[in-house]
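To keep things clear, I will list the structure first and then write my remarks on it.
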Amino acid sequence: MAKKQKKQKAKARLVRGFNDRLADDIRATNDMMAKIHKVFELYGFDPIETPFLEYSDALGKFLPDEDRPNAGVFSLQDEDEQWLSLRYDLTAPLARHVAQNINEINFPYRTYRQGWVFRNEKPGPGRFRQFMQFDADIVGAPNISADAEICMMMADTMEALGIKKGDYVIRVNNRKVLDGVLEAIGVIDEEQKLSVLRAIDKLDKFGIEGIKLLLGEGRKDESGDFTKGAGLNEAQSKSVIDYLNGAEQNNIDGISELENLQQLVIGAGYDENRIKIDPSCVRGLEYYTGMVYEAELLFDVTNEKGQKVQFGSVGGGGRYDGLIKRFTGQTVPATGFSIGVSRLLTALKNLGKLENNEMPAPIIVCVMDKTRISEYQKMVTELREAGIRAELYQGNPKNFGKQLQYADRRNCPAAIIAGSDEFNKGTVQIKDLIAGKEASKNIKDNKIWKSKRPGQFEVKRSEMVEKIKELPAIRVYYRGANDAAN
RNA sequence: GCCGCCUUAGCUCAGUUGGUUAGAGCGCUAGAAUGUGGAUCUAGAGGUCCUCCGUUCGAUUCGGAGAGGCGGUACCA
C-alpha cells in the first residue's frame with residue numbers, strides 16, 4: 001500500500017535545458033543588468049519590451065513544418081489553429097514591432113531590451129534552452145557611423161562590467177569582404193559557400209590546421225565523429241588561408257566600409273586592443289548583410305571542476321538591412337548587438353570578477369517566550385526602519401538551539417536574544433555570530449563554549465538598534481547605503 | 001542529429017567474478033546538553049541499485065531497447 005502510493009508521487013525534476021536560478025545568481029544578474037542599462041541609457045537608447053510569444057510567421061524563416069513543428073523553436077497552436085512560437089531571439093520581435101509601428105516611430109530609432117529567449121535544441125556546456133539576452137539596436141541608420149557606435153558601446157559595456165582593456169576584444173568584419181573571397185575562388189554553390197564560411201568561423205576553435213581540414217575533406221573530432229568538409233581544392237583552400245592571414249582583398253565596397261569604421265573608432269579613442277578587424281569573424285550566416293561584430297573574452301576561464309575552458313564569444317551582432325523589409329517591403333537599414341547575459345555571467349563568475357557585494361543575511365530575532373511575539377516583532381520592525389535586514393524566527397520556537405543553528409547556517413551577522421530575564425531588566429542580548437564563529441576555533445569543549453557565550457553582550461533595549469549598527473559586519477555593508485540615502 | 005562516457009541513499013561515490021541482510025563519507029532526525037550556533041560522542045530514519053524486455057533456478061550485476069545526465073561534434077536565427 002505504502003509502496004503503491006510512492007509510485008504515484010510526481011517526480012520533482014527540471015525540463016532538460018532549463019534551470020532554477022538561486023539567490024546569488026539572481027542578484028549577480030541584476031547587478032550586471034543595471035550596469036549594462038546604465039551604458040545603454042548613456043548612449044541615448046530607450047527600452048522596449050515585447051511578449052515571449054509571437055505568431056510563428058512573424059519570427060521569420062523558422063516556421064514549424066508538418067513533420068517537425070518544434071525543430072529549433074517551441075511552438076504551439078492557438079485556439080484558432082494559428083501557430084505561435086516562443087521567441088528565439090530579441091531581434092525578430094523588434095523587427096515585427098518596428099514594422100507594425102513604422103509610422104509612429106521616430107527614426108533613427110535607438111532601442112534596447114532584455115529578456116528570456118527560448119531555443120528547442122540540445123543543451124551544451126553553458127548553453128541552455130532558456131537564456132537571457134540583452135540587445136541594443138539602431139533602426140533606420142544606414143551609415144557605418146552607426147555600426148561604429150554600436151561597437152564602441154559594446155566596448156564600454158564590457159569595461160563597465162569590470163572586464164579590463166586587453167581582457168576582451170570586439171572583433172569586426174564585413175560580409176561583403178567574405179563574399180568577395182568566395183567569389184574570387186569561384187565558389188558559387190550555396191551549400192558550399194556556407195561550408196566555407198562555417199569553417200572560417202571555427203578558426204579560434206580548431207586553429208589553422210583544423211580549418212584546412214574543414215575546407216578540404218573534413219575533420220574527425222575527439223569522440224571519433226567525422227565532420228564533412230567544404231571540399232575545396234588545394235588552390236582554393238590556400239586562398240582562404242591567405243585571406244585569414246591578412247592577404248589583400250579585392251572587394252572595394254566591403255574593405256572601404258571596414259576602413260571607414262576603423263577610422264571612426266580610432267578617432268574616438270578606441271584602438272585595436274578594443275575594437276579589431278578580424279577576417280575570421282563570420283556570425284549568423286544568412287542574416288547579416290554587412291558589418292558583423294563579436295565580443296570575445298581573451299582570458300582563460302577555469303570551471304568548477306578546475307578545467308581550463310576557452311570561453312570565447314559572449315555576444316555578437318551586425319547589420320541586417322533585410323529584416324524589416326520582410327514585413328513592409330521597404331528597406332529599413334538596422335544594426336545591433338546582442339549580449340549573452342547568462343554566458344557572460346558564467347564567465348565573470350568563474351573569473352571571480354563579480355564584485356563581492358553579496359547581500360548580508362538578516363539579523364535574527366529569537367523567540368524565547370511565545371507570549372511575547374509582539375514585542376519581538378517590534379524589535380524586528382525597529383531594525384527594518386533603520387534599513388537593516390531583519391526577521392523574526394518563524395520555525396518552531398520550542399528548541400532554542402535550533403534558532404541559533406538556523407541563524408548560523410544562514411550566515412546571519414547577529415541574533416537578538418531576550419527572555420524573561422532581559423525583559424525584566426529592560427535589556428536584550430546581542431550575539432555577534434561572526435565574532436563567535438571566530439572564537440569557536442579556540443574552544444574545544446562544548447561546556448566551555450556554552451558558558452562563555454562568545455560574541456555575546458547585553459545592551460539596553462532602547463539602544464539595541466544603535467548597537468547593532470556598530471557591529472563590524474553591519475557597519476561595512478550598510479554604510480554605503482546610508483551615505484547614499486543622506 | 002551523430003559520437004563517447006555515465007546512471008546504486010538527499011549529495012559524492014564504493015561494491016556485487018550472477019546468490020539469502022547492498023555499504024562508506026557527508027547531510028538529515030533525535031539524544032548526551034529542555035536559555036545558546038561550532039567541535040565531539042551515541043542512536044535512528046532513508047534504497048523499485050534509472051525503466052522495460054530478454055537470458056537464468058535466481059539479475060542491481062549479463063544481453064537488447066528506451067529514458068535521463070555529462071562531454072565532444074554538427075546546426076545556430
Side-chain angles (χ1 to χ4, degrees), chain A residues 2-4 6-7 9 11-17 59-63 68 71-73 85 87-93 95 117-127 133 194-195 198-199 201-202 205-206 210 214 218-228 282-288 303 305 307 309 313 316-318 320 323 338 340 364 366-369 397-412 414-422 429 431-456:
Chain A
K3 276 235 161 116
K4 213 167 195 177
K6 191 165 189 179
K7 198 143 200 178
K9 273 187 206 157
K11 196 172 177 187
R13 56 190 187 137
L14 282 166
V15 175
R16 177 185 170 79
L59 289 182
K61 56 197 173 216
F62 289 82
L63 295 176
R68 303 174 65 203
V73 299
S85 297
R87 63 189 182 190
Y88 52 77
D89 70 9
L90 297 177
T91 309
V117 302
F118 304 86
R119 295 187 187 179
N120 189 1
E121 58 191 10
K122 195 199 112 178
R127 208 171 150 173
Q133 291 194 330
L194 293 179
S195 296
R198 283 175 195 138
D201 196 31
K202 300 216 159 50
K205 204 165 182 181
F206 301 137
L214 284 172
R219 178 181 176 278
K220 193 182 268 190
D221 75 32
E222 290 144 49
S223 68
D225 190 28
F226 186 75
T227 306
K228 196 167 177 286
V282 177
R283 302 298 303 176
L285 291 169
E286 297 173 86
Y287 185 59
Y288 296 117
N303 70 10
K305 289 173 188 162
Q307 304 164 307
V309 178
S313 169
Y320 49 98
L323 206 62
S338 175
I364 298 289
C366 298
V367 177
M368 299 210 66
D369 180 349
K398 193 184 67 184
N399 187 341
F400 178 62
K402 273 283 163 53
Q403 306 192 30
L404 289 180
Q405 191 182 65
Y406 167 83
D408 189 48
R409 287 183 184 171
R410 272 199 80 172
N411 275 318
C412 293
I416 304 286
I417 302 167
S420 51
D421 295 353
E422 287 78 13
Q429 304 282 344
K431 195 176 187 67
D432 182 337
L433 295 169
I434 293 163
K437 199 170 284 180
E438 197 56 37
S440 76
K441 287 175 186 164
N442 300 318
I443 304 175
K444 288 284 166 281
D445 185 275
N446 190 256
K447 284 211 174 82
I448 298 172
W449 159 253
K450 272 189 179 179
S451 61
K452 224 180 158 187
R453 298 187 173 174
Q456 185 168 328

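Convention: sequence-line order gives letters A, B, ...; per-chain numbering from 1. This structure is a prediction, so every number in the text was calculated from the model and none was measured.
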A/K441 side chain N/O closer than 4.0 Å to the phosphate oxygens (OP1, OP2) of B/G37? no
Test item: A/I417 and A/M368 side chains (from C-beta on) under 4.5 Å apart, heavy atoms: yes
State the pairing partner of B/C62; accept Watson-Crick or G-U wobble contacts with both distances under 3.5 Å, and report none otherwise. B/G54
Spacing of A/L404 atom CG relative to B/U34 atom P, expressed in whole Å: 14 Å
Do A/N446 side-chain and B/G38 base share a donor-acceptor contact under 3.5 Å? yes
Students often get this wrong, so: under 4.0 angstrom with heavy atoms, is A/Q403 touching a base, only sugar-phosphate, or nothing? nothing
I want to check something: taking the side chain as every heavy atom from C-beta on, are A/V73 and A/Y88 in contact at a cut-off of under 4.5 Å? yes
At less than 4.0 Å, is any side-chain N or O atom of A/R16 found next to OP1 or OP2 of B/C70? Yes or no. no
Would you measure the distance from the C1' atom in B/U60 across to the matching atom in B/A43 and give it in whole Å? 29 Å
So A/E422, base contact, sugar-phosphate only, or nothing? Heavy-atom distance under 4.0 Å. base
Remember a base hit wins even if backbone is also touched, and classify A/K202 as base, sugar-phosphate or nothing at under 4.0 Å, heavy atoms. sugar-phosphate
At under 4.0 Å between heavy atoms, what does A/G436 touch on the DNA or RNA strands: base, sugar-phosphate, or nothing? base
Quick one: does A/E422's side chain have a donor or acceptor within less than 3.5 Å of a partner on A/G419's backbone? yes
Return no unless some side-chain N or O of A/Q405 is found under 4.0 Å from OP1 or OP2 of B/G38. yes
Counting only side-chain N and O atoms of A/K402, is one of them less than 4.0 Å from OP1 or OP2 of B/A30? yes
Taking a pair to mean Watson-Crick or G-U wobble geometry with both distances below 3.5 Å, B/C13 pairs with B/G23
How is A/K431 classified with respect to the nucleic acid when contacts are heavy atoms under 4.0 Å: base, sugar-phosphate, or nothing? base
Suppose we call a contact any N or O donor and acceptor under 3.5 Å apart; does that hold for the side chain of A/E121 and the base of B/G1? no
With respect to the phosphate group of B/C76, does any side-chain polar atom (N or O) of A/R198 fall under 4.0 Å of OP1 or OP2? yes
Any strand counts, and the cut-off is 3.5 Å on both contacts for Watson-Crick or G-U wobble. Which nucleotide pairs with B/G4? B/C70
Can you find a side chain N or O atom of A/R119 that sits less than 4.0 Å from OP1 or OP2 on B/C76? no
Find the distance A/F226:CZ to B/C75:P and express it as a whole number of Å. 13 Å
Under 4.0 Å between a side-chain N/O of A/W449 and OP1 or OP2 of B/A39, yes or no? no
Identify whether any heavy atom of A/S420 sits under 4.0 Å from a base atom; if not, whether one sits that close to sugar-phosphate; answer base, sugar-phosphate or nothing. base
Calculate the interatomic distance between A/K444 atom NZ and B/A39 atom C1'; express it in whole Å. 7 Å
A/D221 CG to B/C5 P: how many Å, rounded? 13 Å
Sugar-phosphate only, base, or nothing, as touched by A/F206 at under 4.0 Å among non-hydrogen atoms: sugar-phosphate
If pairing requires Watson-Crick or G-U wobble contacts with both distances under 3.5 Å, which nucleotide is the partner of B/A43? B/U29
Say you pick atom C1' in B/U7 and the same atom in B/C11; how far apart are they, in whole Å? 15 Å
When you check the phosphate oxygens OP1 and OP2 of B/U73, does a side-chain N or O of A/K205 lie under 4.0 Å from one of them? yes
Going by modelled atom types, is there a donor-acceptor pair between the base of B/U36 and the side chain of A/K450 at under 3.5 Å? no
Are the ring of A/Y88 and the base ring of B/A77 both nearer than 5.5 Å at their centres and tilted by less than 30°? yes
Applying a 4.0 Å non-hydrogen cut-off, can you work out what A/D421 is touching in the nucleic acid: base, sugar-phosphate, or nothing? base
Charged N-O contact under 4.0 Å between A/D89 and A/R119: no
